[in-house]
Novice: 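My questions all concern the structure below.
Remember, it's a predicted structure, so these values are computed and weren't measured experimentally. Quick note on labels: first sequence line is chain A, next is B, and so on, each numbered from 1.
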Amino acid sequence: MSLFDDGSKIFTKEKALNEDWIPDNLPERSEEIQKLEMAFRPVANGADAKSALLIGKAGQGKTATTNFVLNQVRKYFENEEDENFTKLRVSCSDATTSYQVVGELLTMVEDGTTVRPKGRSLGHLNKRLFNELDDLGGYAVIVLDEIDHLASDDDILYEIPRARQQGRLEDAHASIVGMTNDFEFREKLSAKVKDSLADTVLNFEPYDANDLRTILSQREEVAFVDDVLSEDVIPLCAARAAQDEGSARQAIKILYHAGELARSNGDTLVTEEHVREGIDRIEQEYVLNGLNGLTTQDQATLCALASLEKKGETPTRTKYVYSEYKKVAERIDINTLTSRSIRDKLQNLDTYSMAIASEKTGGSRGGPHYESELNVDLDALVTAFATIDRFQGVSQNLPIEDKQSTL
DNA sequence: TCTCCACAGGAAATTGGGGGTT
DNA sequence: AACCCCCAATTTCCTGTGGAGA
């Protein structure tokens, strides 16, 4: 038995459980696929494709739908000898301004020498980008993931779809497919962008448990050995994910982890027990990833909240979080920010789902205020904090005691 | 009822850093 | 070297809100 052949009888084609796997069909999203195809229909007549905006929470098939449709467009162009088809994908969580997005596009499109140009005006970069696209010719689709991160700086969302009309592109066509999980995103756009981008708007409703079961069964057929999943495994994965966010990605991940556990235990059947264990692992992993994605100041705020939670004082008002935060900041030796900043940090933690901030009104002095609490398991969080040097010693000894500074 | 507290959150300015072109 | 551009995080300043308490 070699390293890679463990003799397990669980998986046949494991990669069908990876995030980037594109199934042959998307049974629960045929409506959305049709709509998106409509947006690309003008391409066949040499006209601009309509730009599209895909709205839905994580794991609702936005990426899968896009890939699926774009693959078809690509195939179409493969039969049209003289036309190029280019797909450029940028994640706006990495490139959070128009300038950076254009820079990112340039690094993809110009010969490997350019790396995120800086020091030039946005206009200059736009010109370079349009020149490159013209050289490529044919059709360019620019896929912008997490497009809501651009929000206030949405210049390119206007420039690109209009480039052809404005004569900035002559030999090429270009359109945008934007994706966001922010349902209010459309309202945040400037008026001129709103109508050009909102040609086609697709709303992805969360999958329910039935949808998820269908999706999981589809993956099971490809990825697992026949009859290796005990009967309740798929329903359990589906139910769990449906109850949470209705995310197919999460459901598949749970299933995958369960399978891996069965394999590493040398079991021949994947059981409900494996699923439950898989869920725990994913939660721990989720907390750790979430924590690593935060800035140190965000982490300190979260740590303050954890301390209060340990004392059983949550949910709690922002001002108490702030005074706890000040203790944390002092312990780990970082700048102490103003309370205004901590208000923003708490909002951040809420949008990252690490904490929950709920609006309250009334209280001792009236007026609106927030009460915050953790949205992740305290023990998992403490474990995760232990991996960050700076928080060693602080997070292990929650709650933070008041300093006895009588030297 | 009226006032005022204590908070929320928008806007603008600041700080400090990264990096171009000529 | 001199001069330019971009950016994220934070602070400063400010306006708005609604019940508590007089």
Novice: Within the supplied structure, the quantity of interest is the number of heavy atoms (other residues, nucleotides, ligands) at a distance under 6.0 Å from A:Glu221 CD; does it exceed 12?
Specialist: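 No - once you tally the heavy atoms of other residues, nucleotides and ligands closer than 6.0 Å, there are 12 at most.
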Novice: Over 60° means perpendicular and under 30° means parallel, so classify the ring planes of A:Phe77 and A:Phe85, tilted if in between.
Specialist: parallel
Novice: Using a cutoff of under 3.5 Å, can you pull out all pairs of nitrogen or oxygen atoms linking the protein to nucleotides 4-8 of chain C, with atom names and distances?
Specialist:
from  : atom 1 : to      : atom 2 : distance (Å)
C:dC7 : OP1    : A:Thr97 : OG1    : 2.1
C:dA8 : OP1    : A:Thr96 : OG1    : 2.3

Novice: Nearest whole angstrom, please: distance from the P of B:dC7 to the NZ of A:Lys319.
Specialist: 4 Å
Novice: Taking OP1 and OP2 of B:dC7, is either one under 4.0 Å from a side-chain nitrogen or oxygen of A:Thr318?
Specialist: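 For A:Thr318, the contact criterion (side-chain N or O under 4.0 Å from OP1 or OP2 of B:dC7) is not met.
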Novice: Is the number of heavy atoms from other residues, nucleotides or ligands within 6.0 Å of NZ (A:Lys127) greater than 12?
Specialist: no
Novice: Let me know the distance between CG of A:Asn335 and P of C:dT10, rounded to the nearest Å.
Specialist: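 From A:Asn335 CG to C:dT10 P: 9 Å.
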Novice: Parallel, tilted or perpendicular: which fits the ring planes of A:Tyr139 and A:His173, with parallel below 30° and perpendicular above 60°?
Specialist: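 Because their plane-to-plane angle is under 30°, the rings of A:Tyr139 and A:His173 count as parallel.
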Novice: Tell me: NZ of A:Lys360 to C1' of C:dT17, nearest whole Å?
Specialist: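 A:Lys360 atom NZ is separated from C:dT17 atom C1' by 17 Å.
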Novice: From CD of A:Glu359 over to C1' of B:dA8, roughly how many Å is that when rounded to an integer?
Specialist: 8 Å
Novice: State plainly whether the residues A:Lys360 and A:Glu371 are in salt-bridge range, i.e. N to O under 4.0 Å.
Specialist: yes
Novice: So, does A:Tyr370 get its side chain near the phosphate of B:dG9, meaning an N or O under 4.0 Å from OP1 or OP2?
Specialist: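 The answer is yes; a side-chain N or O of A:Tyr370 sits under 4.0 Å from OP1 or OP2.
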Novice: Is it the case that atom CG in A:Asn289 sees more than 12 heavy atoms from other parts of the structure closer than 6.0 Å?
Specialist: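 More than 12 heavy atoms, drawn from other residues, nucleotides or ligands, come within 6.0 Å of this atom.
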Novice: Please report the distance, rounded to the nearest Å, between OH in A:Tyr320 and P in B:dA8.
Specialist: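 It works out to 12 Å between those atoms.
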Novice: Check whether any side-chain N or O of A:Asn18 sits under 3.5 Å from a backbone N or O of A:Trp21 as a donor-acceptor pair, and report yes or no.
Specialist: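 Checked: no pair found.
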Novice: Whole angstrom is fine here: how far is it from NE2 in A:His369 over to P in C:dA20?
Specialist: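 Rounded to the whole Å, the gap is 11 Å.
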Novice: Of all of residues 288-305 of chain A, which get a heavy atom below 4.0 angstrom from DNA chain B, listed by number?
Specialist: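 Hits under 4.0 Å, by residue number: none.
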Novice: Taking the six-membered ring of A:Tyr207, is NZ or CZ of A:Arg29 closer than 6.0 Å to its centre and within 45° of its axis?
Specialist: yes
Novice: Taking the side chain of A:Pro368 as its heavy atoms from C-beta onward, which of C:dT12, B:dC7, C:dT17 lies nearest to it?
Specialist: C:dT17
Novice: Whole-Å distance between B:dT21 P and A:His124 NE2?
Specialist: 7 Å
Novice: Would A:Glu159 and A:Arg164 pass as an ion pair if we require N to O under 4.0 Å?
Specialist: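 No, no charged N to carboxylate O under 4.0 Å.
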Novice: Going by number, which of residues 339-352 of chain A have a non-hydrogen atom under 4.0 Å from DNA chain C?
Specialist: A:Arg340, A:Ser341, A:Lys345
Novice: Apply the salt bridge (Lys or Arg N to Asp or Glu O under 4.0 Å) test between A:Lys253 and each candidate in A:Glu285, A:Glu245, A:Glu19, A:Glu260; give the one that qualifies.
Specialist: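 For A:Lys253, the salt bridge (Lys or Arg N to Asp or Glu O under 4.0 Å) check succeeds only for A:Glu285.
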Novice: Taking 4.0 angstrom as the limit, do A:Asp280 and A:Arg276 come out as a salt bridge?
Specialist: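 No, this pair does not count.
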